[in-house]
Q: 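Got a structure for you, written out below as structure tokens; questions coming shortly.
So you know, we letter chains A, B, ... as the sequences are listed, proteins then strands, and number each from 1. The analysis underlying the following values was restricted to heavy atoms, covering all of them including side chains, and did not include hydrogens, waters or symmetry mates. What you are looking at is a predicted structure, and each value in this text was computed from that prediction instead of being measured.
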Amino acid sequence: MSESKAALQAFKSEVAAWMAENVPSDPGFLLPLTFLEVGTEQQLDFLREWQHKLWQAGFLGMHWPTEYGGQGADSAYQFIVDKELGRHRAPIIFNTIGLNWVGPLLLDMGTEAEKSKYIKNILSAEEIWCQGFSEPDHGSDLGAVQTRAVKEGDEYVVNGSKIWTTLGNYADHMILLARTNTKTERKYDGLSFFLSPMKVAGVEAHPIRKVTGEYGFNQTFFTDARIPASCLMGEEGGGWTVAMKTLEYERGVTAGQASAYWGVAVQVDDMIDELSAIEQDGEPLLSDPIVRDDLVGFMMEAKALSLSARRMAIPALGTDYPMGLALSVKYRGTEYERRMKHYTASKQGAQSALYVGDDDAVSGGFWQRAYFSNFGATIGGGTTQVQANIVAEHVLGLPK
Amino acid sequence: MSESKAALQAFKSEVAAWMAENVPSDPGFLLPLTFLEVGTEQQLDFLREWQHKLWQAGFLGMHWPTEYGGQGADSAYQFIVDKELGRHRAPIIFNTIGLNWVGPLLLDMGTEAEKSKYIKNILSAEEIWCQGFSEPDHGSDLGAVQTRAVKEGDEYVVNGSKIWTTLGNYADHMILLARTNTKTERKYDGLSFFLSPMKVAGVEAHPIRKVTGEYGFNQTFFTDARIPASCLMGEEGGGWTVAMKTLEYERGVTAGQASAYWGVAVQVDDMIDELSAIEQDGEPLLSDPIVRDDLVGFMMEAKALSLSARRMAIPALGTDYPMGLALSVKYRGTEYERRMKHYTASKQGAQSALYVGDDDAVSGGFWQRAYFSNFGATIGGGTTQVQANIVAEHVLGLPK
Amino acid sequence: MSVTPNVTMTFSEEQGMLLDVARGFVRDQAPMDVIRAQLETETGFDPALWQSMVDMGWAGIALPDSVGGAGMGVGSAVPVFESLGGGLLGTPLLSTTLAGQLIWRAAGEAAASWLTRLCSGEVGALALLDHADWGAANCGVSLGSDGCLNGRKCFVADAGVADVFVVVANDNGETILAIVEASSLSSDALSHNVVIDLTKRSANVDFTGVAPVEILRGDRVASALRDTLLLGALLTASETTGAAALCLSGITDYLKTRKQFGKLIGSYQALKHPTVDIYVGMENARSFIYHGASVVDDDPLSEDAETACRMAKVAADEVMVFAGDRSVQFHGGFGFTWDCDSTLFIRRAQWAQQMFGGAIHHRKRLAALLLDS
Amino acid sequence: MSVTPNVTMTFSEEQGMLLDVARGFVRDQAPMDVIRAQLETETGFDPALWQSMVDMGWAGIALPDSVGGAGMGVGSAVPVFESLGGGLLGTPLLSTTLAGQLIWRAAGEAAASWLTRLCSGEVGALALLDHADWGAANCGVSLGSDGCLNGRKCFVADAGVADVFVVVANDNGETILAIVEASSLSSDALSHNVVIDLTKRSANVDFTGVAPVEILRGDRVASALRDTLLLGALLTASETTGAAALCLSGITDYLKTRKQFGKLIGSYQALKHPTVDIYVGMENARSFIYHGASVVDDDPLSEDAETACRMAKVAADEVMVFAGDRSVQFHGGFGFTWDCDSTLFIRRAQWAQQMFGGAIHHRKRLAALLLDS
């Protein structure tokens, strides 16, 4: 279902015009850099309203079915919207776990009832989703999940604790991976997947403060929390498969996401713009040959990432390692951003040591905060070290 | 037994004067960069004569007992000799396995008979030693040694194969690690250590060509080779301990070596001298700020290594990780040299692509050859990766 | 051109005792919960703790006994700052020490009254920068014909608690040092910085209309200023090296106890080997600071001393940035939280790497020192 | 200033076929034992193999059909050189292709007779350098009033087998291209280089007293020369990328089969993760060469094309140097032997990284291109 260039171009103009009118201006308080950092009610209300507005204008879920609140168009349209959001430096579209993982998952594997019940409210931001996979003692090792869900009549009784539940204190629903059977031969076969309500007795989300000083994460405690048995997605004991499918969405291997505009995007051009105003030894920093050489390195990395995305569309140019480019995106992209943000934060002379809140800080401390915040990307969703293993094993066929 | 500064200074002058007279000039053929690369009879004869001459002059085995051909002085004297050898760009002292590992080992753990029989001939270069630890399929994993030594009467019958036997084709003796018992509970307990003759029936050394195009290594084959039972050093089954002690000498953790001048030393100053003659874009290479910055990095590494050696002598300054500086020397030094030699070989414009034998090559292709040759140091005696494990486990206490 | 020959490293019994005392003090008096309690306070330190340090003679550790100092030489400050860094203990000692150095090197015993005050616990601060560029000439503050200063200084460390400021100023083209009493500042002279390192404090200070109590000028000012900046680099490097060592030990502790996929995470080479590189970098920085301590003295710093100070700063900055960054990463999800000390380490790294010029600043000058002679 | 916008990457069915054919040819005709048999021969390649390549039209792959070429555009040479590199197959195709480009870009169809000869299998060589510095003006060879050249060129690739030389020379300050027939060289004109990459050959060539058959001059010479050097960088990068991919597959094969301490060595992250970085670097280089192939054409190269060629060269050089180095290291003791192909890879890396300027050369120019506009 590819669209004519002309139609896409026209749509782009339409979106751009709408955004020029409707993108909210600076609200006067700090907005989160990513959906992982929504830490105050003020931020939440603002972002909820903004997402709702975008959806009402017909610019969210562009390729999701109309019967569930989408626009029934090609995914190219969503891509255009996301790009324009970036170009207009719009606030982020924050209901990311719903938009990027839960929505595509339900559209792919959900029942009609599940789709009808949940998808529209994801788009409209009426219902917020969070994810309950990781646990305090297991981090990246999902197979070891300990949170118990025991069936009693038409309910499951849940006990245990999840960690890093982004938006958990605000969320209406959680995609929950819990152990329904402790006696299976393979530990994976004891896991089940739930579309679990958050606003029930026995569920408490405790905010966790981050390295940036901000909030957004929670530790979620389940204490004899009773959830309807109908929350089970798929079969009991079939949770591992659903969770792995979810991770594919999280890792961007599979398409279908409603908006990938979940964080403030930073481009190499922004970096150069920022540094072009800085002086070193009384001269423009950008006249220093070493800095220039470093910037060439960053520009090449940025270009290589763009070219790689382009190349993925030409299968004949990736025959040796068919899934390689896609599987290495997170490994490359998140580390590149870490280095680039750190570099920009560190080349500001004495201003490098200022932080958000100081009037003299370069761009309000944006780069320092962005560097700190970026660890969410190199740690969450499988650390860089785990990503390297994934590429080594799944692309190069190296042993575990 | 520390010596007065004046005595050491006088000795230094004496050595320097002798060397000014006696260090041989360029023989007109390529000399090996290290003792690992003695590949022709011509090189062997030349180096044997040179070592003999140095010993006869009283400048080798400075701190070894006089009854075994040494000079009975402090090790500081040997250090001075080695340093002067470098300063005079003398040919290497090649009988390294004897001088650095076997000699100290025998002096430490050998019987009187063993000391009398072997040590003097190591110093005089009358007898050459090689080492038979590694085997083709096991590389760094010495515990897995398969070469069999079976006692029959007053002989052991040896079968198997050793690899990377430096000087093996010229050697008179080998320190041999072989399995005398295949049924021990711990695989280490089946190993024995021999001072084994090379010039007996059933021992054949086949030269292996190196990455540099030169020779020096061998694969040594034992086929029903019969060696006297008296060659056993220590107890049968006690070979692992002796081998580990030998490795300590090899890794430079323990002192006692008769001459550490086993390879052509390269200093950061040599690197800078070499590069100062090179042009880039019509300007001196050393005027390029990026190159200058790279060189600062190398100079700092060189200085840090020197300072670290100095610091080892002041225990109070290394209390947190007592053996750390010593145990990390190989890890740091060999990798530093690899990078430094590669850098110098690669900053010569089109001449970077020339090799030994080309009249137009920078310093006769020295840096290219030195870079290639340096892999002997980052691979042999425990690869860099193994060295990192050693530091991690033995210095930082990290798990295996 | 040659860089390696000078590997002087002296270490007296006296210095050994000082190192032990300083480490013990920090370990006992400033465990991490004490540090954390000060992170979001106004001054960032406990006055009682500061007084203990003064009582031990640390405020004058780098000054001669003729002016009330400890008389151990400026190099003796190195183990003290290394120890303070090893506990992330933020106090105004660095500012006070450097204010003392600047005055001493510019005026000697003629300025004994100021130095005695500093040795006895009054806090000194250096007002150096007109803007963020450590490499630029910073003499925008001028002395007017009315005997008052005119202009603002930026990022003045410990300005909020300083009793005495040494202000680098400009008197008709001549660089002078103006000594200003905090009491003479107007009530709105200070605007506090939001410093990324929560153990540190600084402020922009407006000196307009303030009359200095004393002006130091003459031949020695330029060299005193240059040497104080170099000593600032060395002492910051010392503090940073201590912090890097603490960071390393936090990482190794975690790697030895945390399991993932059924194994201690320290057994994964992807974590294990970079930790070795932090270790090596930390030891290098330590070698450089001890070498620096051995080649600086009260005379104008030699080329070898300059080299040592700059190398120490580069080595310490580089390892701290790497260690802090890896500390967050290797602690995984926990590393990303406020409760993990990793956040203190990356913040320290970010602060330290600019103080008295960053790696790029010093490497450029080292290139000139070592390659152009 | 912006660098990312142009991500053009075109790939026609025709190019896809060419890639398949070229890879198949190298796989079938030039397995490693064939390559190794030529390492220490005089010319470094088998004439029959060269003839097969000529028969497939590769000698004129980058030239228009009006002069006997394949008419697929110069970008079509990229997959061919990538494939040749993927077998370490050394032939004079690079020299011949670039000689063709230089003549074509400087003189167009007016030089059809030369171009036709090159397309039909005569070997062309570029005589560019007066000395080792790729960044210097190289016009030391001059044209005398007697119509003869005077001077020597260095490192002329494939000089030993060349039929036709294109010599960059200087005629009273004007840069000209002198076309010289090999037959007109004196018998001792060539002194062969000892090239570190044993699949490559070059020589210093003395042109003194040689009368060129034709002189190309005029407006187009400077731009033709500049573009040919850029295309040289792009095609060398293509060849290098192929070699890096081969090197990577050698490493992964070894890591999958070799055991140490009872485990496949590929399970050690100290080997596994750097191998991932080689993979990523190789894919980046591949993206750059395909992008380069999509933005170069017969016109003078655009800024985007220049950027693409330079980035391709930097990316390919950097990954090849890293891959070759790690290949030796990761093969352990075997890697240190002549029998292991790692020696061919570090030698190729060493050769490739200087050809048409190394990473430092191109990065400097990229900085000017991308930051100074």
Q: Name the member of A:Asp293, A:Val391, A:Leu305 that forms the most heavy-atom pairs with chain D at distances under 4.5 Å.
A: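 When all of A:Asp293, A:Val391, A:Leu305 are compared, A:Asp293 has the most.
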Q: In the structure I gave you, are the side-chain heavy atoms of A:Leu317 and D:Met9 within less than 4.5 Å of one another anywhere?
A: yes
Q: Flag the pair D:His291 / A:Lys303 as yes when at least one side-chain heavy-atom distance between them is below 4.5 Å, and no otherwise.
A: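 D:His291 reaches A:Lys303 side chain to side chain.
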Q: With a 4.5 angstrom heavy-atom cut-off, could you sort out which part of A:Leu396 is near chain D: side chain, backbone, both or neither?
A: both
Q: Less than 4.5 Å to any heavy atom of chain A: does that hold for the side chain of D:Ala315, its backbone, both, or neither?
A: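 Contact with chain A involves both backbone and side-chain atoms of D:Ala315.
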Q: What closest approach, in Å, do A:Ala316 and D:Leu19 show between heavy atoms, and which atom pair accounts for it?
A: O-CD2, 4.3 Å
Q: Is there side-chain contact between D:Arg286 and A:Asp320, with heavy atoms separated by less than 4.5 Å?
A: yes
Q: When rounded to the nearest 0.5 angstrom, what is the spacing between CD1 in A:Ile314 and OH in D:Tyr290?
A: 10.0 Å
Q: Counting neighbours of NZ on A:Lys83 that are heavy atoms of other residues, nucleotides or ligands and sit closer than 6.0 Å, is the number greater than 12?
A: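 No, because the 6.0 Å sphere around NZ of A:Lys83 holds 12 heavy atoms or fewer from other groups.
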Q: Which pair of non-hydrogen atoms, one from D:Gly266 and one from A:Leu398, has the smallest distance, and what is that distance?
A: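 It is O-CB, 4.2 Å.
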Q: What part of A:Tyr321 gets within 4.5 angstrom of chain D, counting heavy atoms only: side chain, backbone, both, or neither?
A: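 Answer is both: backbone and side chain atoms of A:Tyr321 are under 4.5 Å from chain D.
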Q: Can you name the nearest heavy-atom pair linking D:Val7 to A:Arg310, along with the distance?
A: O-CG, 3.4 Å
Q: Less than 4.5 Å apart, side chain to side chain, heavy atoms only: is that true for A:Arg292 and D:Leu370?
A: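 No, their side chains stay 4.5 Å or more apart.
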Q: Might you point out which heavy atoms bring A:Pro399 and D:Lys272 nearest each other, and give the distance in Å?
A: O-NZ, 2.9 Å
Q: Hey, are the side chains of A:Asn389 and D:His273 touching, using non-hydrogen atoms and a 4.5 Å cut-off?
A: yes
Q: Go through A:Gln385, A:Glu301, A:Lys400 and name the one with the most non-hydrogen pairs under 4.5 angstrom from chain D.
A: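 If we count pairs closer than 4.5 Å to chain D, A:Lys400 comes out on top.
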Q: Between A:Asp294 and D:Arg363, does any NZ, NE, NH1 or NH2 come within less than 4.0 Å of an OD or OE carboxylate oxygen?
A: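 Looking at A:Asp294 together with D:Arg363, the answer is no, because their closest N to O distance does not fall below 4.0 Å.
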Q: Working note: D:His362 + A:Val296, criterion side-chain contact (heavy atoms from CB on, under 4.5 Å); need CA distance, chi angles, decisive distance, verdict.
A: CA-CA 10 Å; D:His362 292 288; A:Val296 167; over 6 Å; no
Q: Less than 4.0 Å between a side-chain N and a carboxylate O, is that true for D:Asp277 and A:Arg332?
A: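 The answer is no: the pair does not qualify as a salt bridge.
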Q: Does any backbone or side-chain atom of D:Glu318 lie under 4.5 Å from a heavy atom of chain A? Answer side chain, backbone, both or neither.
A: neither
Q: Hey, which of D:Val276, D:Leu255, D:Leu248 has the most heavy atom pairs under 4.5 Å with chain A?
A: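 Going by pairs under 4.5 Å, I would pick D:Val276.
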Q: Should we count CZ of A:Phe79 as having more than 12 external heavy atoms under 6.0 Å?
A: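 Counting other residues, nucleotides and ligands, CZ of A:Phe79 stays at 12 neighbours or fewer.
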Q: Under a 4.5 Å heavy-atom cut-off, does chain D meet the side chain of A:Leu325, its backbone, both or neither?
A: both
Q: For a side-chain contact (heavy atoms from CB on, under 4.5 Å) check, start with the C-alpha distance between A:Met300 and D:Asn284, then their side-chain angles and the critical distance, and finish with the verdict.
A: CA-CA 9 Å; A:Met300 281 189 58; D:Asn284 280 353; over 6 Å; no
Q: Highest number of heavy-atom pairs under 4.5 Å with chain D: which of A:Ser287, A:Ser328, A:Ala309, A:Gly397?
A: A:Gly397
Q: Where on D:Arg310 is there a heavy atom nearer than 4.5 Å to chain A: the side chain, the backbone, both, or neither?
A: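 Answer is neither: D:Arg310 stays 4.5 Å or more from chain A.
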Q: Is it true that, when you exclude D:Arg226 itself, more than 12 heavy atoms of the residues, nucleotides or ligands shown sit nearer than 6.0 Å to its CZ?
A: yes
Q: Checking D:Phe288 against chain A: side chain, backbone, both or neither under 4.5 Å from a heavy atom?
A: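 Answer is both: backbone and side chain atoms of D:Phe288 are under 4.5 Å from chain A.
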Q: If you count every heavy atom of other residues, nucleotides or ligands that lies below 6.0 Å from A:Met244 atom CE, does the total exceed 12?
A: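 Check passes, neighbour count above 12.
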Q: Using non-hydrogen atoms only, which part of D:Asp20 is less than 4.5 Å away from chain A: side chain, backbone, both, or neither?
A: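 When you check distances to chain A, no heavy atom of D:Asp20 falls under 4.5 Å.
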